[in-house]
Amino acid sequence: MENSTSNKQHFSNTLINWYHQNKRNLPWRNTTSAYHIWLSEIILQQTRVSQGLPYYQQFTEKFPTIQDLANAQEDEVMRTWQGLGYYSRARNLHKCAKIITENFLGKFPESYKELLKLPGIGPYTGAAIASFAFKEPVPAIDGNAYRVLSRVFGLDHDLSESKTFRKFFEASGQLIPDNNPDDYNQAIMEFGAMHCTPKNPNCQECPFISSCFAYENNQQHLLPVKTKKTKVSKRHMNYLVFRHADTFFMKQRSGKDIWQGLYDFYCLESENNPDINEIEDKLLFSLLNSGAIVEHESTVYKHVLSHRQLFIRFYVIDVQSSANVQMLEQSDLIAFEKETLEEIPKPIIIDKFLKIYNGEQNLLIL
DNA sequence: AATCCGGGGTT
DNA sequence: AACCCAGGATT
């Protein structure tokens, strides 16, 4: 008859053994640098390893130390982040680098509790850094940990409820070994990512096949429990792409909307994506009356975010006169040369449009 | 407690 | 089309 203590040890030992035999060789696992561990964890929030890996390499190359990151221009940090999404991560990354550099002598605080006070570091990331860099036995609860723990132990708390985090945090806190917290946290995440996957988990070769609640009760597809689905709504965005020779007129997004800090074009939103002559806009009206020419209307692009379906249409306007250029600059639009455009951070759909548009121009020349 | 915030890969 | 990814901040 096993007591509960040995069952707990069995779980963490089995998990860690599996990890040592199956782990991927990832760059942030070969360092004890809190800077590099922190960087990887911020990048990997809500992001698959395969998507985050090239960004991690770019960041470590461009910003070898946290001082390099702190001293960088915000735009350069955002440009390096371009395409990863959830851009508040990049803004908080920069903000945090400055705090560490200016207030902490370049060293991260070494406890979970203190790490939580830094911008962009929440319960998961705080636990990851505390355990990986400083060996503090605090459980890191990410999507993988929720899935593995709920299936193996039959924990059916609803992930949609906020109190559920504490249930899993305490459950995993009972299991994490004091002498090996970093391997335990790495292991439960790697096991969830590679073996105990959301769909088609590899139960036949699973080290927990004889003790897993979900397998025994055939509930792999029911665990973890998540009742509330994110609601997706539609938005229609119409971009007036003002062009004058090789310069484009851009605007830096601010406020609480999507893509904060990134640059896009003059944007009009409506209930649809109208033809250009259906658009009523003072600036457009004035420009057209001063000789501007509509040179291209794009098809409607569908760009999907996790909580929005964006329907986006681009209207390229050749503004023609320098009088019109002045009018645009008075409307808070900033002129960028085609080459300089590459250096500013843009939403991926804007980047894609510019590549296609400029590519078409090149094709016409050939 | 509910909502917002990206982009991409899998199924 | 639905799901979800090494989640956190704001309302």
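Below, read A as the first sequence line, B as the second, and so on, with proteins coming before strands; counting in each chain starts at 1. These values consider heavy atoms only, across backbone and side chains, with no hydrogens, waters or symmetry-generated copies.
Looking at residues 45-55 of chain A, you'll see A/Gln46, A/Thr47, A/Arg48, A/Gln51 sit with a heavy atom under 4.0 Å from some atom of DNA chain B. Taking every heavy atom of residues 185-205 of chain A and every atom of DNA chain C, pairs under 4.0 Å involve A/Gln186, A/Met189, by number. Taken residue by residue, residues 25-37 of chain A places heavy atoms nearer than 4.0 Å to DNA chain C at A/Leu26, A/Trp28, A/Arg29.
Remark: C1' of C/dG7 and CZ of A/Phe169 are 15 Å apart, rounded to the nearest angstrom. Going from atom CZ of A/Arg89 over to atom P of B/dG6 covers 10 Å, rounded to whole Å. Straight-line distance from the CG atom of A/Leu262 to the C1' atom of B/dC5: 12 Å, rounded to whole Å. The distance from atom CG of A/Leu84 to atom C1' of C/dG8 is 15 Å, rounded to the nearest whole Å.
Between A/Lys226 and A/Asp158 no salt bridge is recorded (no basic side-chain N to carboxylate O distance below 4.0 Å). Using a 4.0 Å cut-off between charged nitrogen and carboxylate oxygen, A/Asp332 and A/Lys251 do not count as a salt-bridge pair. Ion pairing between A/Glu41 and A/Arg89 fails under the 4.0 Å rule for side-chain N and carboxylate O. Between A/Lys117 and A/Glu114 a salt bridge is recorded (basic side-chain N to carboxylate O distance below 4.0 Å). Between A/Arg235 and A/Glu269 there is a salt bridge, with a side-chain nitrogen of the basic residue lying less than 4.0 Å from a carboxylate oxygen of the acidic one. A salt bridge links A/Arg243 to A/Glu295: one of the charged nitrogens lies within less than 4.0 Å of a carboxylate oxygen.
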Could you walk me through whether A/Leu283 and A/Phe242 satisfy the side chain to side chain contact (heavy atoms under 4.5 Å, CB included) test, starting with their C-alpha distance in whole Å, then the side-chain angles of each, then the deciding distance to 0.1 Å, before giving a yes or no?
CA-CA 11 Å; A/Leu283 179 59; A/Phe242 298 123; 4.0 Å; yes

Checking A/Phe249 against A/Ile334 for the side chain to side chain contact (heavy atoms under 4.5 Å, CB included) test, could you report, in this order, the C-alpha distance in whole Å, the side-chain angles of both residues, the deciding distance, and whether it holds?
CA-CA 5 Å; A/Phe249 290 83; A/Ile334 310 167; over 6 Å; no

Full working for ring pair (Phe, Tyr, Trp, His ring centres under 6.0 Å) between A/Phe314 and A/Tyr239:
CA-CA 5 Å; A/Phe314 299 91; A/Tyr239 280 118; 5.5 Å; yes

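At the phosphate of B/dC4, neither OP1 nor OP2 sits under 4.0 Å from any side-chain N or O atom of A/His307. Applying the 4.0 Å criterion to OP1 and OP2 of C/dG8, one finds that A/Thr125 has a side-chain N or O inside that range. Distances shown here put every side-chain N or O of A/Tyr146 at or beyond 4.0 Å from the OP1 or OP2 atom of C/dA6. Look at A/Lys256 and you'll find a side-chain N or O under 4.0 angstrom from OP1 or OP2 of C/dT11. Of the side-chain N and O atoms in A/Lys163, none sit less than 4.0 angstrom from OP1 or OP2 of B/dA2.
In this structure, A/Phe134 has its ring center no closer than 6.0 Å to that of A/Phe108.
Here the CG atom belonging to A/Asp351 is positioned 14.5 Å from the OH atom belonging to A/Tyr263, to the nearest 0.5 angstrom. From A/Gln46, atom CD reaches atom CG of A/Leu84 across 12.5 Å, with rounding to the nearest 0.5 Å.
Here the nucleotide nearest the side chain of A/Arg308, chosen from C/dC5, C/dA6, B/dC4, is B/dC4. The side chain of A/Lys229 sits closest to C/dC3 out of C/dA6, C/dA1, C/dC3. The side chain of A/His303 approaches B/dG7 more closely than any other nucleotide in the set B/dC5, B/dG7, C/dT11. Closest to the side chain of A/Asn92, from the set C/dG7, C/dA9, B/dG6, is C/dA9.
Residue A/Lys231 is classed as having no contact, given no heavy-atom separation below 4.0 Å to the nucleic acid. Contact annotation for A/Ile121: backbone-only contact, meaning every heavy-atom pair under 4.0 Å involves sugar-phosphate atoms and none involves a base.
Of the C1' atoms belonging to C/dA9 and B/dG8, the separation is 23 Å, rounded to the nearest Å. Using C1' as the reference atom, B/dC5 and C/dC5 are 15 Å apart when rounded to the nearest Å. Spacing between C/dT11 and B/dG6 at atom P, rounded to whole Å, works out to 15 Å. Distance check on atom C1': B/dG9 versus C/dG8 gives 23 Å, rounded to whole Å.
If you check distances only, the side chain of A/Ser88 never reaches the base of C/dG8 with a donor-acceptor pair under 3.5 Å.
Comparing A/Glu161 and A/Lys346 along DNA chain B, the residue whose closest nucleotide (by nearest heavy atom) sits nearer the 5' end is A/Glu161. Place A/Pro347 and A/Ser160 on DNA chain B by their nearest nucleotides, and A/Ser160 ends up nearer the 5' end.
The ring-ring contact (aromatic ring centres under 6.0 Å, His included) test with A/Trp81 is passed by exactly one of A/Phe59, A/Tyr56, A/Phe63: A/Phe59.
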